[in-house]
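In what follows, a single structure is set out as structure tokens and then discussed.
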Amino acid sequence: MAGVFHHAANRRAQPARGGRRRGARRRAWCAQGPQSRHEGGARRRDRGGCVAGDCLGDLDRPLEHASKLRRVASHLGLSLSETRKDNLTMHALKVTRAEDFPEWYQAIVREADLAELSPTRGCMIIKPWGYGIWERIQDEMDRRIKASGCENYYFPMMIPLSFIAKEAEHVEGFAKEMAVVTHHRLKAIDGVLKPDPEAELAEPLILRPTSETIIGDAFSRWVKSYRDLPLKLNQWANIVRWEMRTRMFLRTAEFLWQEGHTAHADEAGAVEETMRALEMYRSFAEEVLALPVIAGEKPEHERFPGAVSTFSIEAMMQDGKALQAGTSHNLGTHFAEAQNIRYQDSGGGISLAHTTSWGVSTRLIGGVIMTHGDDDGLRTPPAVAPHQVVIVPMVRGKPEDAQLIAYCDVLAQETASRQCFGSRVRVHVDKKDSRPADKRWDWVRRGAPIICEIGPRDMAADKVTFFRRDRLRVDGRPSAATLDQAEFVLGLDRLLPEIQNALFAEAKHRMESNIRGGFAAFSDLEDYFGEDQDSQFKGWARVHWSRPSGKALDEVEARLKALKLTIRNAPLQQPNTFGKCVFSGAPAVEEILVARAY
RNA sequence: CGGGGUGUAGCUCAGCCUGGUAGAGCAUUAGCUUUGGGAGCUAAGGGUCGCGAGUUCGAAUCCCGCCGCCCCGACCA
């Protein structure tokens, strides 16, 4: 299975009907397999056709509200065991990627217990499994940031309005999406709590959309001499940007991130730092999150407001869209000029500092979901999984249960004594008072990398029965392996990295096989990405261009936009020779990545 | 902020066209049965039908306004 999915825009169009229709047709389970041809059974979803190339295609038959395989069986006129034998697959999510990718994304966030919407518009509540992944990201990233010579600090969430006004482009870039604090008191007016008109702030405060301005102000005081440079600092913080359209983890009004800010004596120092941060993000994404990415420079019109140059890592999601997963900016002397960050050099002269900033956010979790998720939920990369091994005791309400749980505790202890990815293996015994089978599927949806199911027979033989979440199914059905306990425990420091590598290899293969070159002219792009091809999966395009700027670039942007395409970046790895610019026919100087994007 | 869709029990939804006692499945709770894998039977609890105004003897249903959510667009360091 190619494992790539695309949601066609026009697929959502509803047939015209008289009267109001309530309720999206959401189906609980889906079955696939040869039996589906029995028309009396699973009813077809009245969405448009399935579009994922040769993936699930026509074999896919979601069921109307069918929560029991048994119901499928009776519909099909088969016994339950026949139905199982005949390879009907029930997936743990209510919607598959092939049916509706955006809805699948929503489902996985909810069903994997990662986050939920909050009463505050556009903001999310990050739940323990989702936050646990973020904590692992923080730990790993923080270690790398500190290894590069940065220290952590913390700046206030509220920034005086006048600060944001200091850098012209910066203002323009952020003004439209800022939350503003204008009052410091509430008052009941006619029984309704309102900001007290008499408590208006002399100067409004903005909730930080990023901290360049307030940090630059501090830098101007902290940087006096060349001896103070380079100054390298980082903060973990929350950020507020009043987004028009929000999506969990990908674009929310409030999100969590890390922002590094550095000041250097000269351009070379800033450039080096910008590239160091970019490489840190690339290796982090690939090694820790198993997200293959392409690092490169953003085109002029996609730069951070106020930056001299902006670099990004771009990851390919399973619907073929690109996700900007991290950015690094060389700010040159723009912010230093605006905020007076100057130092005295060894000769006594006064010079402007060169600054950089770089960040990654909770958006990375969205990238993990859309890269490693499948129709049974998330497959959490072991390096960031809050629990790497989950043990489900197959208790049966019998006296021997206590003994079984004790056996599981010992297994957990043995497991936690092993080291992997530089720390102890994270293991959890699920003792929740619910059915073992329900617990299994909970952990499948959350994507615990290794799920152990330990029953009396395992205990008696000193064995461990377990699933690898990355290879949950064989021929459509969950497939477990059984090992001697000692063998299982001793093998963990090989098995967990093997799972990590398998996830990476799968994603890397998908990305590489879906980046297409050979576009000689813009019409080739139109043929490939054009309207009539809209319902098919598209990956990314590698095209050559002459790197226009100003008006000519605006025109390129508009032409791409007509195809819903954007320029992602100019990869650091460039070919030796270039053909013609696909936009102008002029000699090309650079290769860029073009894609639809989140 | 524009276009479309949508909002009924914790979840997924039916009921709306054609106004007349608030429904189903799952989940929850209790009891019994079952036990190498997403259990069965029985019973119980649970809803200001998004909010507000209107038409009407009577509104989940019809009309108007507002809000949230989803998709598309615009926007997006």
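Not measured: the values here are computed from a predicted model. Within every chain, numbering begins at 1; the chains are lettered A, B, ... in the order of the sequence lines, protein sequences first and strands thereafter.
- Nearer to the 5' terminus of RNA chain B, by closest-nucleotide assignment, is the contact made by A/Met248 (compared with the other of A/Thr566 and A/Met248).
- Taking the side chain of A/Asp438 as heavy atoms from C-beta on, and the options B/G38, B/C75, B/C70, the nearest nucleotide is B/G38.
- In this structure, A/Asp442 places its CG atom 17 Å from P of B/C11, rounding to the nearest Å.
- No engagement by A/Pro478 is indicated, since no non-hydrogen atom pair under 4.0 Å with the nucleic acid exists.
- Nucleic acid contact for A/Gly326: none, since no nucleic acid atom lies under 4.0 Å from a heavy atom of the residue.
- Distances shorter than 4.0 Å separate none of the side-chain N or O atoms of A/Lys463 from OP1 or OP2 on B/G36.
- Across all strands shown, A/Tyr598 has no heavy atoms under 4.0 Å from either base or sugar-phosphate atoms.
- Closest approach of A/Met459 to A/Leu404, counting heavy atoms only: SD-CA, 3.6 Å.
- Applying the Watson-Crick and G-U wobble criteria (two distances, each under 3.5 Å), B/U61 pairs with nothing in any strand.
- Legend: residues meeting ring pair (Phe, Tyr, Trp, His ring centres under 6.0 Å) with A/Phe466, ordered by chain and number and at least two apart, are A/Phe488.
- Among the protein residues, A/Trp257 comes within range of the nucleic acid bases, having at least one heavy atom under 4.0 Å from a base atom.
- Remark: C1' of B/C76 and CZ of A/Arg251 are 5 Å apart, rounded to the nearest angstrom.
- When distances run from any side-chain atom of A/Gln106 to the nucleotides B/C75, B/C71, B/G37, the shortest one goes to B/C71.
- Backbone-only engagement by A/Lys561 is indicated by non-hydrogen atom pairs under 4.0 Å involving sugar-phosphate atoms exclusively.
- What you find for A/Arg208 and A/Pro156 is that their closest heavy atoms are NH1-O, 3.2 Å.
- At the heavy-atom level, A/Glu302 lies nowhere under 4.0 Å from the strands shown.
- Of the two residues contacting RNA chain B, namely A/Asp458 and A/Thr327, the nearest-nucleotide position lying further toward the 5' end is that of A/Asp458.
- Minimum heavy-atom separation, A/Asp430 to A/Pro393: O-CD, 3.3 Å.
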